[in-house]
Q: 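The structure follows.
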Amino acid sequence: MRFAPTEEQTEFAAATGALLADTCPPSAVAAAWGGEVGRHTGLGDGDGRIRAAWDALVEMGVNGILVPEQQGGLAMSLDHLVGVLEECGYSALPDPVADSAGVVAHSLGQCSDTAPDVGAVNDTLAAVAAGSTVVSGFGSSPLVASATTADTLLMFTRDPTRVDPDAPADPAADRVVLLDRSEVDLEPVESVDGSRALARVRWDAASGACVAQGSAASALTDEAFLVAALADSALLVGLGRAMIDLTVSYVGERKQFGVPVGSFQAVKHHLADAALAVQFAEPLVRNAAHLMSGGVAVEAPGSIPTDSRSVAVSAAKARSSDAAKKVTETALQCHGAIGYTVEADLHLFMKRAWALARSHGDSAFHLKRVRRQLLAG
Amino acid sequence: MRFAPTEEQTEFAAATGALLADTCPPSAVAAAWGGEVGRHTGLGDGDGRIRAAWDALVEMGVNGILVPEQQGGLAMSLDHLVGVLEECGYSALPDPVADSAGVVAHSLGQCSDTAPDVGAVNDTLAAVAAGSTVVSGFGSSPLVASATTADTLLMFTRDPTRVDPDAPADPAADRVVLLDRSEVDLEPVESVDGSRALARVRWDAASGACVAQGSAASALTDEAFLVAALADSALLVGLGRAMIDLTVSYVGERKQFGVPVGSFQAVKHHLADAALAVQFAEPLVRNAAHLMSGGVAVEAPGSIPTDSRSVAVSAAKARSSDAAKKVTETALQCHGAIGYTVEADLHLFMKRAWALARSHGDSAFHLKRVRRQLLAG
Amino acid sequence: MDLTWSDSEQAFRQECRSWLEGNVPAGGLDSGDTAEGFARHLEWEHQLHEARWSVVSWPEAYGGRDASLWEWLIFEEEYYAAGAPQRITQNGIFLLAPTIFEFGTPAQQDHYLPRMSAARDLWCQGWSEPNAGSDLAGISSRAVRDDEAGGWRLSGQKTWTTRGAFCTHLFGLFRSDPGSERHRGLTYFLVPLDAEGMTVRGFGRLDGDEGFAEVFLDDVFVPDDDGTTATMERGGILGGVDEGWGVAMATTSSERGLTLRSPGRFRATAARLVDLARDRRGESADSVLDAVTEAWLDAEAYALYTLADVTDLSEGRSPGARSSYNKVFWSEMDLRLHRAALDLLGAEAELDGGWMKGYEFALSGPIYAGTNEIQRNIIAERVLGLPRK
Amino acid sequence: MDLTWSDSEQAFRQECRSWLEGNVPAGGLDSGDTAEGFARHLEWEHQLHEARWSVVSWPEAYGGRDASLWEWLIFEEEYYAAGAPQRITQNGIFLLAPTIFEFGTPAQQDHYLPRMSAARDLWCQGWSEPNAGSDLAGISSRAVRDDEAGGWRLSGQKTWTTRGAFCTHLFGLFRSDPGSERHRGLTYFLVPLDAEGMTVRGFGRLDGDEGFAEVFLDDVFVPDDDGTTATMERGGILGGVDEGWGVAMATTSSERGLTLRSPGRFRATAARLVDLARDRRGESADSVLDAVTEAWLDAEAYALYTLADVTDLSEGRSPGARSSYNKVFWSEMDLRLHRAALDLLGAEAELDGGWMKGYEFALSGPIYAGTNEIQRNIIAERVLGLPRK
């Protein structure tokens, strides 16, 4: 029994964190919105990318963590990736690492032998490891972040958040394809987070290179959705930690009534509660990553029989989303008026958290998934 | 437009409060549990009655507030009664005023002309005003407080909390009867609140004096249930206020770390939140009472069309139950260890609140009723 | 209890509703916190004024209708239900005007109030400073007496001045007694933003609008009041010199100020929320629909609570302690309403639409006008009677 | 990550499970906080001891099995899952024993520990006093030096002493330096409850059980330690004179003390809650079923969090700051678990059954062992680094 990352995983994540501290300071995140750095007077016209950070991560091998060795990757596991994603969240990196190195690499890796178009799958895997940007979307016209700068899109016909679990869709109708950016119709839309570079993607399910169809596509969709929700969860934990640290630092300095704001018990308890929420969300994320990496769930007496991977991911996404949302409000309240401006860095983190907390199923959606399994028997 | 009790109502309630301060101090409530006053080492063997308080209330006319003048009552409204019931809650009076003077008087008053057994109805109304104890129960074997000392029971065959609103029961099957205590089967059961003198009542729907049957019984059951939930709500508001006052008084005196416990910001904010919950529950109770007294709902633009009486009562019960439950935990936490004993008076109020918060539908039940109406259209 | 409206109140409501139906701009206006949006809002304010709806509760002489508190509530209900634009004149009307009514000289009242109701003068507040936010008494901007010139010279920095970039005038507290501390020695000044020595720098609010401004004052001259219009146009003092704190506090707790926030806005939001929930019922989790119901109940409870407050006020009783609860409740209710809406929207919530903007705006509620932490202290200490120390 | 159990751990679990299956009293025992219940619990403790399950993580010499922390976790899981009785020896084993292991002399360890594991000595804690609850340093019970008799004389009053009415011994802090204040000048004493001058008065806990006691000490003599059994039977001192605060604190934060509360109890409660929810699904509102799910998630999260803690401890890393979070979380989780159950029960919740008793018990969690308000201060100040003043 060992519930902790390996030393190698810890070191890799720490190295990523150090790299991002250099290449992705808040000013760079602000720049990714477009406009004058640190002054946002409207929504961004930036492309949501910090090239220096992306290039450094590619060089470090982050993008190939899940890519098989044959395609130039590190052939590591999601266990490994979540630690890195927490660091990406901590620095509010806007680049689509979770998508490219996570959802896409994992999904394509699952069908590098079985896909109708094996060539496209393996070429794309190799491209991901080498730094190509591939993003993913679920449904016929999903919102996709960073789509406008992506080289390729991995598209799933079915959006699992839109399906009534009492009347599941027909698996035979599912299809997963790879499309060049030029093959889809992109409509940029404004997100509250200007660095998301969000677009609505309209696409033709009959086009592109086929990755899977029918029941294989159905299974792959479910799997990819779990990875997407898990990756969001890891980012949210990192964002939560960052906002707590930013706030602790601010309230330790800011004085009112002759004392630091952080010395008031109300502020202390707000922050303690925020920290509690993040603390107890993180083990759920780590556990979900372990199970999604093929690990076996902890055996304990009286465990409720559930599809442990699905429940573990939903637990992680529900709690990390709730924790991050709670932290945004706590952080803002403890900052006071300065937090309510774009002069403080806090907004860059809050807005990302608001978006990710509701992407790939919000806490209510995932809670319902857990409840359905838990109380079914 | 006037959202306030009349001067007469305010004075009547204040007089009731003064009377109860004399006749129903915490020591008397403790005595109603049975055993040595102020020392409860197990569940009570008392009968849940404070005779001096009851007699004084009867003399004041409280029990006849809703009884028509012909039967010796004051022919006043539920508007009038809720202020009195808040006072009963405030002093944790265990006697069944809400039942006798509320549910029973209101229900019988509704069918004093139409009941199959008009004689029994009018005799019972007169008896209620004169101080007879009549309690009510919903369903075939309900839990009824103070049943063991009641003269008469008003029993409804249908328990509205047990009916699936998607498949309502057959109204023709409903029946409402009056039974002497000797006509029912009483099984005393232990409540967390020893002064509840709780019993499970088993009874034969074919026996007793018929108050209503068929669709009239169905309508009467719905009406009586609303009054019961409303009466509980008023008691809960009073209990909430009492627990806040008890706690404010205690934390103002109790010192730790050289200062009163009540000077800590965390304690202040706990109590402010508790007070907020009660403050904003009370207007819902007053509004529901007004509507149940035949008053017209406030007209406002964009109001959602709902059965305003039913929604108003459910809103009152949901919020007063939640508020009272919240106050119990806040009061206990602010008291600290002494609150966790039966040496402090607090437990008398907490336990009553726990029982009433879940009688005649808890907050989840009533929230669902509101939601059903609100989101139906 | 009598929850019906009188015939004259019904007639007032009808008049109000008809006018709004005929005049509220279809599709609403863009935010009043951008330069373009502000200009359109200003037109709207002029339109309101011309029809005498800008300040219904004020005397007719100042552009009002002498409306009762009940009528004011009705106006607010109808205004928000009609989806009419946010009021860019709000800070003047709610925060400054009650003070002018109470402390202004007749000449000041005659000068400032009609210009305010007509939206000719647009007032922003100058309470906060970089080091005086929650701790308002920490003000360090100063007013130095200039006997020679016959007036005061103001210097310092005000910040988080809502719509400061677009307004024409500022009201706020300045330290007029240089040796004073905390609440003492402050004076309540009125001053035009185009005065010499005044610099306004707009900056971005959370939602990206240029709603806030920093105002830098460098030796801005405010002449002594001689009762002439020419002098009042250059600013003035409300109440006595060094008595600013009392002047400001007397009306921040005014019933028409921030504590009695009309329920109309929240009920209108709740009604829109319920509409959204009905649309999205099939695809929403139970917990979200429950949250919608709870938020709607909040709005109902708040509306009823307000009726009780207004009953007290109308009958000459002070709601006193009750009103301390208002600000905490409405500001947190506003968050609950918007959170529920965002949860209904799910993945679409991040789109920069009305609900997200509304949520961002709602987030300021628990902070401004005395943080909710301070409000809870007040409830605990002044209402419940817990010991200060 | 490796969330599998080793073969030897599996074997340990199997042995444990088999024994419990064969021995746990069917239908459970009545509360250990009544005189009758306590007697039956005592029998159970003796039974546990004989089978060497009473203190699995202790050395074999003292009645344990030298079990690892992982095995201890397994034991706790199996124990609670089997519905085995509450441990009336808990205060001794969790609060006192770690201190004896760390500060006791070899003679004290040899004397007290075997008697504790065998449930021959039953220890209650004497920390709280009427005016020293949350503020433990406010202790005023005193220990006066009696050089002539060669020992100390204890006087004062301890209260909220769990099961004090039934235990045999008390451990606690006494002010040995009469001029001292706050944390200084306190000494950690062990003393039998049948000593002369000792009066125990039981009083009712919230749930009506006589679980609490007040202990009055009037010149109770504790002889100086001469290493003999006869002396130790009359009590003693742990650690140095006047050093009691450090001694007590060193082990209140012990990993086997209150901060690392084993997840087994909560997971067992969660499993029972889920069973109840399945039974009552049809008649329960969605919001209650959501609350059940959230509470179950809490128990999962807490179990995983604990695995991370134990991994750190097993690998020689201190979980340090992490452990500060535990007590707040488990105590409030326990409330959420029980609230959800009561809401499932609806009108039947008031019946004085297991869930209501459990709820009442859970209510003490956020109060004892340092209120959750104090715990949150600790998290904020010591973990997050917020300023004390």
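To find a chain, count down the sequence lines: A is the first, B the second, and so on, and within it residues start at 1. Since the structure is predicted, the reported quantities are computational estimates derived from the model, not experimental observations.
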Q: Taking the side chain from D/Arg278 and the backbone from A/Leu374, do they hold a donor-acceptor pair closer than 3.5 Å?
A: yes
Q: Heavy atoms only: give me the nearest D/Gln375-D/Val328 pair and the separation to one decimal.
A: CB-CG2, 3.4 Å
Q: Heavy-atom pairs under 4.5 Å with chain D are the metric here; pick the option from A/Leu367, A/Val296, A/Leu271 that has the most.
A: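 Highest number of heavy-atom pairs under 4.5 Å: A/Leu367.
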Q: Side chain from CB out, backbone as N, CA, C, O: work out which of these in A/Ala281 comes under 4.5 Å of a heavy atom of chain D, or both, or neither.
A: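 Looking at A/Ala281, nothing touches chain D.
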Q: Taking side chain as everything from C-beta outward and backbone as N, CA, C, O, which of these in A/Asp245 sits under 4.5 Å from a heavy atom of chain D? Side chain, backbone, both or neither.
A: neither
Q: When D/Asp298 is tested against each of D/Phe329, D/Phe266, D/Trp330 for side chain to side chain contact (heavy atoms under 4.5 Å, CB included), which residue passes?
A: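 Option passing the side chain to side chain contact (heavy atoms under 4.5 Å, CB included) with D/Asp298: D/Phe329.
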Q: Is A/Glu282 paired with A/Arg241 through a side-chain N to carboxylate O contact shorter than 4.0 Å?
A: yes
Q: Side chain from CB out, backbone as N, CA, C, O: work out which of these in A/Asn287 comes under 4.5 Å of a heavy atom of chain D, or both, or neither.
A: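 Contact with chain D is through both the backbone and side chain of A/Asn287.
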Q: Please work out whether the ring planes of A/Phe225 and A/His366 are parallel, tilted or perpendicular, with thresholds of 30° and 60°.
A: parallel
Q: Please determine whether a side-chain nitrogen of the Lys or Arg among D/Asp135 and D/Arg182 lies less than 4.0 Å from a carboxylate oxygen of the Asp or Glu.
A: yes
Q: Measuring heavy-atom distances to chain D, does A/Glu299 have an atom under 4.5 Å in its side chain, in its backbone, in both, or in neither?
A: both
Q: Under 4.5 Å heavy-atom distance to chain A, tell me which part of D/Asp286 shows up: side chain, backbone, both or neither.
A: both
Q: Quick check on the interface: out of D/Ile74, D/Ile379, D/Leu384, who has the most heavy-atom pairs with chain A under 4.5 Å?
A: D/Leu384
Q: If you tally heavy-atom pairs under 4.5 Å against chain A, which of D/Glu315, D/Glu300, D/Arg17 wins?
A: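 Among the listed options, the one with the most contacts to chain A is D/Glu315.
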Q: Which answer fits D/Glu294, side chain, backbone, both or neither, if we ask what part of it has an atom under 4.5 Å from a heavy atom of chain A?
A: both
Q: Name the region of D/Ser6, side chain, backbone, both or neither, that has any atom closer than 4.5 Å to a heavy atom of chain A.
A: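 The answer is neither part of D/Ser6.
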Q: Is it the backbone or the side chain of D/Arg272 that comes under 4.5 Å from a heavy atom of chain A, or both, or neither?
A: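 Neither; nothing under 4.5 Å.
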Q: Do you know which of A/Ser77, A/Ala300, A/Pro5 has the most heavy-atom pairs with chain D at a distance under 4.5 angstrom?
A: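 Top option by heavy-atom pairs under 4.5 Å: A/Ala300.
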Q: May I ask you to decide if D/Phe12's main-chain N or O and D/Glu15's side chain share a donor-acceptor pair within less than 3.5 Å?
A: no
Q: Relative to chain A, which segment of D/Glu332 carries a heavy atom at a distance below 4.5 Å: side chain, backbone, both, or neither?
A: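 For D/Glu332, neither part sits under 4.5 Å from chain A.
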Q: Just so I understand: if I count every heavy-atom pair under 4.5 Å between each of D/Ser314, D/Ala380, D/Ala277 and chain A, which residue has the most?
A: D/Ala380
Q: What part of D/Ala301 lies closer than 4.5 angstrom to a heavy atom of chain A: side chain, backbone, both or neither?
A: both
Q: Checking heavy atoms, do the side chain of D/Thr293, its backbone, both or neither come under 4.5 Å from chain A?
A: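 Both the backbone and the side chain of D/Thr293 come within 4.5 Å of chain A.
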Q: Any idea how D/Trp44 and D/Trp19 line up, ring-wise: parallel (<30°), tilted (30 to 60°), or perpendicular (>60°)?
A: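 Rings of D/Trp44 and D/Trp19: tilted, 30 to 60°.
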Q: Let's go through D/Lys389 and D/Glu381 carefully: what are the C-alpha distance in whole Å and the side-chain angles of both, what is the deciding distance for salt bridge (Lys or Arg N to Asp or Glu O under 4.0 Å) to 0.1 Å, and is it a yes or a no?
A: CA-CA 10 Å; D/Lys389 285 287 164 197; D/Glu381 292 167 9; over 6 Å; no
Q: Where on A/Val311 is there a heavy atom nearer than 4.5 Å to chain D: the side chain, the backbone, both, or neither?
A: side chain
Q: Between A/Phe12 and A/His80, what is the ring plane arrangement, given parallel below 30°, perpendicular above 60°, and tilted in between?
A: perpendicular
Q: Below 4.5 Å, heavy atoms only, C-beta onward: do D/Asp2 and A/Met1 meet side chain to side chain?
A: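 With C-beta onward as the side chain, the pair stays apart.
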Q: Let's go through D/Glu78 and D/Arg13 carefully: what are the C-alpha distance in whole Å and the side-chain angles of both, what is the deciding distance for salt bridge (Lys or Arg N to Asp or Glu O under 4.0 Å) to 0.1 Å, and is it a yes or a no?
A: CA-CA 7 Å; D/Glu78 294 296 329; D/Arg13 183 188 292 280; 2.7 Å; yes
Q: Given heavy-atom pairs under 4.5 angstrom as the criterion, report whether the side chain, backbone, both or neither of A/Arg286 touches chain D.
A: both
Q: Can you tell which of A/Gly252, A/Ala315, A/Ala275 has the highest number of heavy-atom pairs within less than 4.5 Å of chain D?
A: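 Max contact count across the listed options: A/Ala275.
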Q: When only pairs under 4.5 Å are counted, which of A/His270, A/Gln265, A/His290, A/Gln9 shares the most heavy-atom pairs with chain D?
A: A/His290
